[in-house]
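Remarks on the structure that follows.
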Amino acid sequence: MTGEVAPAGRILPGPPDPPMKTQYYTATSLDGFIADPGHSLDWLLQFGMTDDYPDFIRDVGAVAMGSATYEWVLESLGGAEAGEPWPYAQPTWVFTSRDLPAVPGADVRFVSGDVRPVHERMVAEAAGKNVWLVGGGDLVGQFCDHGLVDELIVTVAPVTLGGGAPLLPRRIATPPLRLVSATPLANTFVQIRYEVPRD
Ligand SMILES: NC(=O)c1ccc[n+]([C@@H]2O[C@H](COP(=O)([O-])OP(=O)(O)OC[C@H]3O[C@@H](n4cnc5c(N)ncnc54)[C@H](OP(=O)(O)O)[C@@H]3O)[C@@H](O)[C@H]2O)c1
């Protein structure tokens, strides 16, 4: 809660904090793929980082991803045992039906099946901060299927891939997503923020 001190020294109530959101924040090619058919992100990494990430991650209290995304992160660290620090300070839930290696010291919980009880735990542990669904698209779709996604924040890269891992393989058409903003980033991308309509 924000507030200001009134002349008499009393704290006036400020506007209430915005409610936490479950957000799908990702980058996509113009033709709707978040990784190429070989699970590579070279097409994205050629541009370097955009500067919106620090503001986004500051408000995140819990992270979820599927196993292909987790394995990509592990590979980028040089493997689970390479000694590279796990990139997220927040507790991270990894959806998998397999036994995957864990990064020593990282707060990673392996889960499978129904996303609803996991989302409940994530919201509780996020303690008022946002839940970040990293991807992939079908996992985010599973959260959408249960009305658990509030916002899509999609950074569109100026490339087409012709195939690969889909952004969000679900039909969300009626009612459509609600446009919140469209912002050019780094003279290269457009970041589009959509709200998922509620019944
Ligand atoms: N462009 C970007 O910013 C961005 C962001 C995120 C990811 N990526 C990339 O996009 C690709 C995404 O790959 P993907 O589409 O295959 O998605 P993914 O969600 O990363 O992985 C899919 C796998 O997760 C497991 N899984 C999903 N839901 C589950 C559930 N409810 N219970 C148990 N296991 C479940 C299954 O594998 P198992 O059960 O066999 O383990 C499934 O095959 C990756 O290459 C990743 O690196 C890109």
Side-chain angles (χ1 to χ4, degrees), residues 22-57 60 62-80 84 86-88 90 92-103 106 108-123 130-149 151-170 183 185-186 188-194:
T22 297
Q23 298 170 317
Y24 181 26
Y25 170 93
T26 191
T28 180
S29 67
L30 185 57
D31 54 345
F33 298 103
I34 60 171
D36 77 12
H39 280 293
S40 169
L41 295 184
D42 291 355
W43 55 274
L44 178 62
L45 300 176
Q46 68 176 322
F47 298 110
M49 290 287 283
T50 55
D51 58 8
D52 63 307
Y53 182 73
D55 282 343
F56 166 76
I57 197 72
V60 170
V63 174
M65 65 182 72
S67 63
T69 301
Y70 177 69
E71 287 178 306
W72 184 88
V73 176
L74 283 190
E75 204 180 303
S76 70
L77 299 178
E84 288 298 318
W86 175 247
Y88 307 113
Q90 299 83 348
T92 302
W93 282 259
V94 174
F95 283 82
T96 185
S97 57
R98 295 172 291 140
D99 280 334
L100 294 175
V103 177
V108 172
R109 300 118 191 248
F110 297 103
V111 289
S112 69
D114 193 339
V115 297
R116 286 171 292 185
V118 178
H119 183 257
E120 215 173 288
R121 286 208 301 282
M122 293 179 76
V123 170
N130 296 327
V131 166
W132 177 19
L133 307 179
V134 183
D138 181 72
L139 179 64
V140 175
Q142 295 171 48
F143 284 82
C144 286
D145 294 343
H146 297 293
L148 299 175
V149 180
E151 208 166 59
L152 312 184
I153 305 168
V154 174
T155 299
V156 182
V159 303
T160 61
L161 297 175
L167 172 65
L168 184 55
R170 289 296 188 280
T183 312
L185 287 185
T188 300
F189 303 97
V190 178
Q191 187 172 74
I192 310 175
R193 191 180 281 252
Y194 290 113

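Bear in mind that the values here come from a model prediction, so they are computed numbers and not experimental data. Just so you know, ligand 1 is whichever comes first in the structure, and atom 1 is the first atom listed for that ligand.
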*Under 6.0 Å between ring centres, would you say that holds for Phe110 and Tyr70?*
yes

_From CA spacing to verdict: side chain to side chain donor-acceptor pair (under 3.5 Å), Tyr25, Asp52_ = CA-CA 11 Å; Tyr25 170 93; Asp52 63 307; 2.7 Å; yes

*With a cut-off of 6.0 Å (strictly less than), are more than 12 heavy atoms of other residues, nucleotides or ligands near OH of Tyr194?*
no

*So which heavy atom in the protein is nearest atom 41 (O) of ligand 1, and how far is it from that ligand atom?*
Thr96 OG1, 2.5 Å

*If you count the non-hydrogen atoms of other residues, nucleotides and ligands that lie under 6.0 Å from CG in Asp114, is the total more than 12?*
yes

*With the side chain counted from C-beta on, respond yes when Phe56 and Gln23 share a heavy-atom pair under 4.5 Å apart, and no when they do not.*
yes

*With only distance considered, is Gly136 within less than 3.5 Å of ligand 1 through an N or O on each side?*
yes

_Would you say the rings of Trp86 and Tyr88 are close, in the sense that their centroids are separated by under 6.0 Å?_
yes

*Pick from Ile34, Val134, Leu74: which one makes a side chain to side chain contact (heavy atoms under 4.5 Å, CB included) with Thr69?*
Val134

*Could you see which bit of Leu139 sits under 4.0 Å from ligand 1, with heavy atoms only: side chain, backbone, both or neither?*
side chain

*Contact atoms of ligand 1, heavy-atom distance to Ser112 under 4.0 Å*: 32 (N), 33 (C)

*Hey, does Ala27 come in under 3.5 Å of ligand 1, counting only N/O atoms on both sides?*
yes

*Nearest heavy atom to atom 48 (C) of ligand 1: which of Thr28, Ile34, Asp36 does it belong to?*
Ile34

_Validation row: Thr188, Thr50 side chains within 4.5 angstrom (heavy atoms)_ = no

_Does ligand 1 come near enough to Trp43 that some N or O of the ligand is less than 3.5 Å from an N or O of the residue?_
no

*Top protein contact for atom 32 (N) of ligand 1, by heavy-atom distance*: Gly113 N, 2.9 Å

*asked:* Can you check which of Phe95, Phe143, Phe110, Tyr70 brings a heavy atom nearest to atom 29 (C) of ligand 1?
replied: Phe95

*Pick one of side chain, backbone, both or neither for how Trp72 approaches ligand 1, counting any non-hydrogen atom pair under 4.0 Å.*
side chain

_Trace of the side chain to side chain donor-acceptor pair (under 3.5 Å) decision for Asp138 with Gln142_ = CA-CA 6 Å; Asp138 181 72; Gln142 295 171 48; 3.1 Å; yes

_Shortest protein heavy-atom distance from atom 45 (O) of ligand 1, along with the residue and atom involved_ = His39 ND1, 2.5 Å

*Protein heavy atom under 4.0 Å of atom 43 (O) of ligand 1*: no

*Please verify whether a non-hydrogen atom of Thr26 lies at under 4.0 Å from ligand 1.*
yes

*asked:* My understanding is that we take every heavy atom of each candidate and find the minimum distance to atom 23 (C) of ligand 1. Doing that for Gly38, Ala157, Ser67, which one comes out nearest?
replied: Ser67

*First locate atom CG of Leu133, then atom CE of Met122, and finally report the distance between them rounded to the nearest 0.5 Å.*
6.0 Å

*asked:* Below 4.0 Å, non-hydrogen atoms only: which portion of Leu41 touches ligand 1? Side chain, backbone, both or neither.
replied: side chain

*With a 4.0 Å heavy-atom cut-off (strictly under), which part of Met65 contacts ligand 1: side chain, backbone, both or neither?*
neither

*asked:* For Val115, state whether at least one heavy atom is located under 4.0 Å from any atom of ligand 1.
replied: no

